Number of protein chains: 2
Amino acid sequence: MNNNFEYSKILNTVDAVVFTYDNEELKILLVKREIEPFKNQWALPGGFLRDNETLEIAIKRELKEKANIESIFLEQLHSFSSINRDPRARVITTAFYALINNSNYKIKADADAIDAKWFLFNSNFKLAFDHNLIVDMAIKRLKKNLEYRPIGFELLPKYFTISQIQKLYEIIFDKEVDKRNFRKKLLKTELIIETDKFDKTGVKRPARLYFFNEDKYNEFKKEGFKFKII
Amino acid sequence: MNNNFEYSKILNTVDAVVFTYDNEELKILLVKREIEPFKNQWALPGGFLRDNETLEIAIKRELKEKANIESIFLEQLHSFSSINRDPRARVITTAFYALINNSNYKIKADADAIDAKWFLFNSNFKLAFDHNLIVDMAIKRLKKNLEYRPIGFELLPKYFTISQIQKLYEIIFDKEVDKRNFRKKLLKTELIIETDKFDKTGVKRPARLYFFNEDKYNEFKKEGFKFKII
DNA sequence: ACTATATAGTGTAATGATAACACTATATAG
DNA sequence: CTATATAGTGTTATCATTACACTATATAGT
């Protein structure tokens, strides 16, 4: 047992799998590493935990620094601790998964990241460290969560059409859904509220805009989400 | 950022919330601390991560050392990182939750733990560190998981009666379930296999013994558990 | 102005799942 | 041999899910 309360050889980092939905595509935020190891390779945004930070605060700071991202849906995913996952030292990373509702954040580079970009979630990117493993687990978790929790709204803009959210589910679950049944089910939950505005960006008949019913969401949170969205 | 690849002031531990089901009661394994801090208080079994161990290997070692527990159902729960959760130093713990199928393991004490005992899961124990927080999260996770995953069998002996498993669910979800409907639903999943043996320990009519259908379980794992047990 | 077109939006019937409900069967204890 | 506690069983009503095809409407092109 480690009884040395001064120092440890084990270092702690945080990393995040940040999803967004843009242009009818599910995307993941990656940053290009500017330093060794894995210099110039793409990796998840993240970095070392500081002495005075919780894991949650650290990942928020990293996302702010690396991608100018603030106030997003963020949950712990898993802590990865394989012995040799970092060639420099013994490093344990706690991975988060995050959802943001558009890709309009001004992604900026910092010391570590010379570049940050959105990648299609199912592209064959080969990432630094064990980050492919982390992404795989995040996608699994996202799917599992979306089935029973109405967190899909986190990925959508404030006002959205029913077609948009249906498309989002179809992409993530990789299956087509009946339009009438999806609408019925979604409207019955009362999780979305109708507006009298319409989305006129489409080329044909404009679709009605809705927004997310947070009160209803909080009710469901208490009851434990006894419904299935898809 | 921490660029010192020699040492960190942040230490890593692992802790486990081990559940079992015994005598129609859901119980949690706790150990009494033999050393400061929180000497003589009850705490979750766990300890420091060693340099050459993953988190998973460390918690298995700790459970073996502290409670002579091996080969159980074990999943990561969450990493807890509040700054002052350990008065000695900055310590991050990765908590696991575990299920074992009886309480007959010979619990033994080691250097850290002078005593280890099973406590009713809903008793008002006041634990060392932030371990009450960890237990609360584990119970929530257990409930959420039991709803959609047939992990309840991990808590039962190899051969069990349908009444036993029903009782288990009733205790964990704290609600009564219709006997006929529960049986129908459970048998339809084909997750249990009938034997021609009967449980004669009861005082009245013996109940048929069943065992868990692992093949079916593995099938479901692939498909993603599209059913609800309770 | 009219037409073509792409997408929005709507209802009903069949099927399957869940929930509600009460009695019989049987081994043991006395 | 009787009383008793627990095991074990089916049917109906309700609710949820699925399958399925047409009308509505704003825009673009003529």
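Keep in mind the model is a prediction, meaning the values are calculated, not measured. So that the names make sense, note that chain A is the first sequence line, chain B the second, and so on, each numbered from 1.
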Subject >> Pair A/Q76-A/E56, side-chain donor/acceptor within less than 3.5 Å >> reply: yes
Original post:
Between C/dG9 atom P and A/I162 atom CD1, what is the distance in whole Å?
Top reply: 7 Å
Subject >> Rounded distance in Å - CZ (B/F198) to P (D/dT6) >> reply: 18 Å
Original post:
Can a donor-acceptor pair under 3.5 Å be found between the side-chain atoms of B/R205 and the base atoms of C/dA27?
Top reply: no
Subject >> Integer-rounded Å distance: D/dT9 C1' and B/E194 CD >> reply: 13 Å
Original post:
With respect to the side chain of A/R183, which nucleotide from D/dA26, C/dA27, C/dA8 is positioned closest?
Top reply: C/dA8
Original post:
Counting only Watson-Crick or G-U wobble pairs whose two distances fall under 3.5 Å, which nucleotide matches D/dG29?
Top reply: C/dC2
Original post:
Has the side chain of B/K179 got a donor or acceptor atom sitting under 3.5 Å from an opposite partner on the base of D/dA7?
Top reply: yes
Original post:
Is a salt bridge present between B/K167 and B/E170, judged by a nitrogen-to-oxygen distance below 4.0 Å?
Top reply: no
Subject >> Spacing of B/I192 atom CD1 relative to D/dG8 atom C1', expressed in whole Å >> reply: 13 Å
Subject >> Spacing between A/N181 atom CG and D/dA16 atom P, to the nearest angstrom >> reply: 14 Å
Original post:
Quick check, are the ring centers of A/F38 and A/F129 under 6.0 angstrom apart?
Top reply: yes
**OP:** Write down the distance between NZ (A/K200) and P (D/dA28), rounded to a whole number of angstrom.
**Re:** 12 Å
**OP:** Test for a donor-acceptor pair under 3.5 Å between the base of D/dT11 and the side chain of B/K184, counting only N and O atoms.
**Re:** yes
Subject >> Selection from C/dT18, C/dT7, C/dG9 that lies nearest to any side-chain heavy atom of A/A207 >> reply: C/dG9
**OP:** Please determine, for C/dA29, whether a Watson-Crick or G-U wobble partner exists with both distances under 3.5 Å, and give it or none.
**Re:** D/dT2
**OP:** Give the rounded distance in Å between these two atoms: CZ of A/R208 and P of D/dA24.
**Re:** 16 Å
Original post:
Considering the options B/T195, B/T161, B/I162, B/I193, which one meets the side-chain contact (heavy atoms from CB on, under 4.5 Å) requirement together with B/Y210?
Top reply: B/I162
Original post:
With sugar-phosphate meaning primed atoms plus P, OP1 and OP2, does B/T161 contact a base, only sugar-phosphate, or nothing at under 4.0 Å between heavy atoms?
Top reply: nothing
Original post:
Can you find a donor-acceptor pair, distance only, under 3.5 Å between B/K188 side chain and C/dT18 base?
Top reply: no
Original post:
Can you tell me the Watson-Crick or wobble partner of C/dA22, both distances under 3.5 angstrom?
Top reply: D/dT9
Original post:
Salt bridge between A/E75 and A/R149, side-chain N to carboxylate O under 4.0 Å?
Top reply: yes
Original post:
A/V203 or B/D178: which one's nearest nucleotide on DNA chain C is closer to the 5' end?
Top reply: A/V203
Original post:
Which whole-number value in Å describes the distance from B/R180 CZ to C/dT18 P?
Top reply: 17 Å
